[in-house]
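These numbers come from a predicted model, not from an experiment. Counting convention: from 1, in listed order, for ligands and their atoms alike. Computed from heavy atoms alone, side chains included, the values below leave out hydrogens, waters and symmetry copies.
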Amino acid sequence: MTTGLEAAIEEAARRIASSRYVVALVGAGLSAESGVPTFRGPEGLWTKHGEPDLRDYERFVEDPKRWWEMRQERASRFAELAQALESAVPNAGHLALRDLEEMGQLQHIITQNIDNLHQMAGSQAITEIHGNRTKMRCVLCNRRWPVEGFVIDELPPKCPECRSGIVKGDTVMFGEPIPRDALDECINQSRMCDCMLLIGTSAVVYPAAQFPIDVKSSGGVLIEVNPNETPLTSLCEVVLRAPAGEALTGVVEWLRQR
Ligand code: NAD
Ligand code: ZN
């Protein structure tokens, strides 16, 4: 395993350049430098305030009308996160991922983030495993619409396309299954991948944590970018123990200068 930041950046860049299909698996840590707090990790919201209600989706399924009516109250519980999300802009880490894609060195991003910052940075190939806060989704047919302009004239709102599903925010709630289309795309991407970057993810939330294990077991290379150790560290060929902005910018610079 290569550590020591300079050497690790060079090793990571070499591995990326010699791989056929590179996928980044991204977690909340990438957006930490945009001022969005993470849940886990030493500075995480759960570490500071305790774990939230994990029955969120169950409550939605039991009584979607009431769930919609209660949304103001829920929003206030997540006020710190909501405020940070509202004003967040992409940081050097997001921009570096966009650059890697433009350079042909990164084929896909699987992100657990809901913050829309990859799109704002200009990345194209993105699968959002936990949804996107700026979208709505039908729980039946998985069609999605921008939140802005989505007209709600009854509670709970019905899907304007399939007319039978209920519409909720696209963000995947605690206890909610990952939307099938996103999950299938992740599995597909992981199969093609021979080098996976694990960026700012504690890699304990399934199914996301499974993808790197699958890549590894089919002979692929894992590169971790995280200031802290994770349960997947020991599986990684290269570990960049630094904030994502610094580490990924270093990788892009190295690849540009070679
Ligand atoms: P997580 O499991 O991905 O953990 C955060 C990880 O980021 C930790 O391992 C921490 O060491 C690392 N980290 C902290 N600062 C970093 C930095 N500057 N650079 C690189 N890594 C850094 O994520 P979580 O916080 O446990 O959240 C779980 C889920 O909640 C996410 O997968 C997501 O769906 C949602 N969430 C999303 C956002 C967002 O959209 N920005 C924010 C919080 C939570
Ligand atoms: Zn529908």
Side-chain angles (χ1 to χ4, degrees), residues 24-49 51-52 54 56 78 80-94 96-97 110-120 126-134 136-145 156-174 176 178-179 181-182 186 197-209 211-212 223-233 239-249:
L25 177 68
V26 173
L30 178 65
S31 295
E33 290 160 80
S34 293
V36 182
T38 62
F39 288 159
R40 299 180 182 79
E43 297 300 316
L45 290 177
W46 295 356
T47 315
K48 286 195 280 182
H49 306 304
E51 300 240 338
L54 298 176
D56 213 12
F78 287 102
E80 185 180 343
L81 182 57
Q83 251 174 17
L85 285 167
E86 212 51 62
S87 52
V89 291
N91 65 58
H94 296 101
L97 289 181
I110 297 175
T111 189
Q112 300 164 83
N113 296 345
I114 56 151
D115 52 28
N116 206 42
L117 295 183
H118 294 292
Q119 286 87 343
M120 282 168 74
I126 309 162
T127 300
E128 294 168 310
I129 191 166
H130 293 160
N132 183 312
R133 62 183 287 272
T134 71
M136 310 287 282
R137 167 171 46 90
C138 169
V139 293
L140 200 63
C141 72
N142 282 336
R143 280 192 181 81
R144 294 167 176 85
W145 307 267
K158 280 256 175 62
C159 175
E161 301 281 340
C162 72
R163 302 198 177 271
S164 16
I166 290 171
V167 175
K168 63 182 280 296
D170 184 32
T171 304
V172 173
M173 302 190 302
F174 300 113
E176 179 179 354
I178 307 294
D181 53 351
C186 292
L197 314 178
L198 314 178
I199 304 168
T201 177
S202 55
V204 291
V205 182
Y206 281 83
F211 306 139
I223 300 173
E224 182 167 74
V225 180
N226 197 316
N228 303 299
E229 194 173 336
T230 76
L232 291 179
T233 298
V239 176
L240 284 73
R241 267 296 162 257
E246 180 187 357
L248 294 173
T249 304

Is a side-chain N or O of [X] found less than 3.5 angstrom from the main chain of [Y], in a donor-acceptor match?
{"X": "T233", "Y": "T230", "value": "yes"}
{"X": "H130", "Y": "Q112", "value": "yes"}
{"X": "E33", "Y": "A92", "value": "no"}
{"X": "R144", "Y": "N142", "value": "yes"}
{"X": "R241", "Y": "N228", "value": "yes"}

Residue pair [X] / [Y], side-chain heavy-atom distance below 4.5 Å:
{"X": "E128", "Y": "I114", "value": "no"}
{"X": "C159", "Y": "C141", "value": "yes"}
{"X": "F211", "Y": "I129", "value": "yes"}
{"X": "S31", "Y": "H94", "value": "yes"}
{"X": "V36", "Y": "N113", "value": "no"}
{"X": "M120", "Y": "T134", "value": "no"}

Looking only at protein heavy atoms, which one is nearest to [atom], and what is the separation?
{"atom": "atom 19 (N) of ligand 1", "value": "A244 N, 2.9 Å"}
{"atom": "atom 37 (C) of ligand 1", "value": "N113 OD1, 4.1 Å"}
{"atom": "atom 33 (C) of ligand 1", "value": "Q112 O, 2.9 Å"}
{"atom": "atom 20 (C) of ligand 1", "value": "P227 CD, 3.4 Å"}
{"atom": "atom 35 (C) of ligand 1", "value": "F39 CE1, 3.8 Å"}
{"atom": "atom 40 (O) of ligand 1", "value": "I114 N, 2.9 Å"}

Would you please name every residue forming a side-chain hydrogen bond (donor to acceptor under 3.5 Å, both in side chains) with T249, sequence neighbours left out?
none
With sequence neighbours excluded, tell me which residues meet side-chain hydrogen bond (donor to acceptor under 3.5 Å, both in side chains) with S34.
N91
In terms of atom number and element, which parts of ligand 1 are under 4.0 angstrom from non-hydrogen atoms of [X]?
{"X": "P37", "result": "42 (C), 43 (C)"}
{"X": "E33", "result": "17 (C), 18 (N), 19 (N)"}
{"X": "H130", "result": "31 (C), 32 (O), 33 (C), 34 (O)"}
{"X": "S202", "result": "1 (P), 2 (O), 3 (O), 4 (O), 6 (C), 9 (O)"}
{"X": "A32", "result": "15 (N)"}
{"X": "N228", "result": "10 (C), 11 (O)"}
{"X": "G27", "result": "3 (O)"}
{"X": "V36", "result": "41 (N), 42 (C)"}

Can you check whether [X] has an N/O within less than 3.5 Å of an N/O in ligand 1?
{"X": "A28", "answer": "yes"}
{"X": "G200", "answer": "yes"}
{"X": "L81", "answer": "no"}

The test is side-chain hydrogen bond (donor to acceptor under 3.5 Å, both in side chains); show your working for N132 and N116 and say whether it passes.
CA-CA 6 Å; N132 183 312; N116 206 42; 2.9 Å; yes
If we check side chain to side chain contact (heavy atoms under 4.5 Å, CB included) with L198, which of these qualifies: V26, L240, L25, V239?
L25
Give the C-alpha distance, both sets of side-chain angles, the deciding distance and a yes or no for side chain to side chain contact (heavy atoms under 4.5 Å, CB included) between T111 and L30.
CA-CA 10 Å; T111 189; L30 178 65; over 6 Å; no
Closest to [atom] among [options] (heavy-atom distance):
{"atom": "atom 8 (C) of ligand 1", "options": "T111, N226, T38", "value": "N226"}
{"atom": "atom 39 (C) of ligand 1", "options": "N132, N91, I199, D115", "value": "D115"}
{"atom": "atom 7 (O) of ligand 1", "options": "G29, S31, S34, A247", "value": "G29"}
{"atom": "atom 26 (O) of ligand 1", "options": "R40, E128, R241", "value": "R40"}

Per the side chain to side chain donor-acceptor pair (under 3.5 Å) rule, what does the pair list look like for residues 158-167, sequence neighbours excluded?
none
Number of protein N/O/S atoms that sit closer than 2.8 Å to the Zn ion (ligand 2):
4
Does V205 come within less than 4.0 Å of ligand 1, judged by its heavy atoms?
no
